[in-house]
Amino acid sequence: MTNNEDKLKKIISHSKEYGFVFQSSEIYDGLSAVYDYAQNGVELKKNIRNHWWKAMVQMNENIVGIDSAIFMHPTIWKASGHVDAFNDPMIDNKDSKKRYRADVLVEDYIAKIEGKINKEVAKAAKRFGEAFNKEEFLNTNPRVIANREKMKAISKRLYGSLENNNLDDVKALIEELGIACPVSGSKNWTEVKQFNLMFATQMGSTSEGANEIYLRPETAQGIFVNYLNVQKTGRMKIPFGIAQTGKAFRNEIVARQFIFRMREFEQMELQFFVRPGEEKKWYEYWKAERMKWHLSLGMNKEDYRFHDHEKLAHYANAATDIEFDFPMGFKELEGIHSRTDFDLKAHEEHTGKKLRYFDPELNESYVPYVVETSIGLDRMFLAIMSTAYNEEKLEDGSERVVLNLPPALAPYKAAILPLMKKDGLPEKAREIMAELQENFMCQYEEKDAIGKRYRRQDAIGTPFCITIDHDSLEDNMVTIRDRDTMKQERVAVADLRQIIDAKIRNKA
Ligand code: GAP
């Protein structure tokens, strides 16, 4: 097991042990790729959502929010292209009867070659010690060069065939590479077929005559179909944006890596409506703004990169992913797309209704162009957990697991801890609790030794522990312990609110 796989496993078990994320329907042996947020997870998730909403809606006068329904008219998904093109290429193994995403089988094969290269690098680094030059080694070692070329050639063929919808060639590639079913070890494959990712259900009291409708696979279409309602009732002037957070559903076949790829997940999306011709300027603007947002949370800059798309979807004229270095490596966290007027035009065509904006400055009507930012809330949760999760060795030789969450996002801001369960300390602690919980999520704990209680709060990322002792009854002072530095300070009860508030405001 690599260190990174190890880290993901640790995050999964920490999330379960400390009440952040549970497998859905666990007592029925679980439901694959569906998760429940537990008592601490729901607070963290809500704080991330609120933080996004504040940055996008509250701080921008020209952006408003909506909350559209999950069920929508089925023709919407025809217009958006999801009925015809929201597919994954699937292949079945005839012996194990297991179904796989054909592209992922090939990608896993490529990852194995990469693994071999990494092993060669690690071996050479050990052999050459300080004199080792990784770049030079990668460019000169014949085995590494051959493997890198092999990876490139396989990728080129895979993505070329997918692009041209040449599924026979994807199957041929799987066979030529000798890829076997991970379960049965057999190479007895079916044809590759496209499989639509939308969940369908029936609307109506009986299935006879009922309409098939879909659970939305993205929240964006709820914004597009409401764009004119919002523009008119909100008297919005271009450029303006509509933001939305909410559930989306995709029947992901390769659903793994915890909450990275789920079948039911939550998106936070902005559609920003602009004048045709100005979309590239706004695309660059939102690219920069969104990266700023991530870094404002105190996330590590080196864990982020842009991946600009070279091959664009037919409706986009620019697209990039903000990738994050998850424990599984760099992967898409957020997408920013310049979607032209594709969606609004498609809805015009399918409804026969005009979705135009009259621009008083230009004295003309047009279908606005759209720049979209779309981030998975669950993926952001995982990115934050992977950054925050730390195992520390302390000076006294003991260890602690701490979640160094941005204070503004932490489920609880303070824990109120009477040193003992007697002598009036709980009563004093309750008074402080009652005052602080008006403003912050606080936790009251009087069980166990104080050290143990500190560790529990570290593990759920509480920025402050406030301890009430016998002196507190006399001088109205308490000890406040900082989660990250573990430094303790004596402060007046009257100052607590301001101290906590300053911490939350300063960092994220
Ligand atoms: N409206 C554009 C759109 O939906 P997308 O790239 O398909 O674009 C946007 O999805 C974001 O939603 C992704 O960057 C990712 O963070 C999140 N996302 C997509 N599929 C997901 C899944 N199965 N599980 C969790 N998050 C997912």
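Start at 1 and go down the list; that is how both ligands and their atoms are numbered. If you're wondering where the values come from, they're calculated on a predicted model, not measured in any experiment.
For an aromatic pair to be called close, the ring centres must be under 6.0 Å apart, and Phe324 with Tyr304 satisfies this. No close placement of the Phe22 and Tyr37 rings is indicated, their centers lying 6.0 Å or farther apart. Aromatic rings of Phe342 and His314 (six-membered ring for Trp) have centroids within the 6.0 Å cut-off, being under it. Tyr35 has its ring centre less than 6.0 Å from the ring centre of Phe258.
Contact of the Thr245 side chain with the Thr219 side chain is not registered, since no non-hydrogen atoms from C-beta on lie closer than 4.5 Å.
Contacts classified as salt bridge (Lys or Arg N to Asp or Glu O under 4.0 Å) and involving residues 26-41 (residues at least two apart or in different chains) are given here: Lys16-Glu26.
In Leu333, the part holding a heavy atom less than 4.0 Å from any atom of ligand 1 is the backbone. Both the backbone and the side chain of Arg261 come within 4.0 Å of ligand 1, counting heavy atoms alone.
Within ligand 1, counting atoms from 1 as listed, the ones closer than 4.0 Å to a heavy atom of Glu332 are 6 (O), 13 (C), 14 (O). Residue contact check: Glu334 has heavy atoms under 4.0 Å from atoms 14 (O) of ligand 1. Of all the atoms in ligand 1, the ones that sit under 4.0 Å from a non-hydrogen atom of Ala220 are 1 (N). Proximity to Glu372 (heavy-atom distance under 4.0 Å) selects the following atoms of ligand 1: 1 (N), 2 (C). Below 4.0 Å from some heavy atom of Glu269 lie the following atoms of ligand 1, by number and element: 1 (N), 2 (C), 3 (C), 4 (O).
Proximity of Asp378 to ligand 1 is not established, as no heavy-atom distance is less than 4.0 Å.
For atom 12 (O) of ligand 1, the closest heavy atom belonging to the protein is Gln267 NE2, 3.3 Å. From the protein, the heavy atom lying nearest to atom 9 (C) of ligand 1 is Ser374 OG, 3.0 Å.
Within the cation-pi definition used here (under 6.0 Å to the ring centroid, within 45° of the axis), Lys331 does not qualify as a partner of Phe326.
Comparing Phe381, Phe224, Phe324, Phe265 by heavy-atom distance to atom 26 (N) of ligand 1, the nearest is Phe265.
Ligand 1 has no N or O atom lying under 3.5 Å from any N or O atom of Ile375, backbone or side chain. The N/O atoms of Arg250, backbone and side chain alike, include one that comes under 3.5 Å of an N/O atom in ligand 1. Backbone and side-chain nitrogen or oxygen atoms of Gly376 are examined, and one is located within less than 3.5 angstrom of a nitrogen or oxygen of ligand 1.
Aromatic ring pairs are classed by plane angle as parallel below 30°, tilted from 30° to 60° and perpendicular above 60°; the pair Phe240 and Tyr227 is parallel.
Within 6.0 Å of atom CD in Glu364, more than 12 heavy atoms from other residues, nucleotides or ligands are found, so the atom counts as buried in its surroundings.
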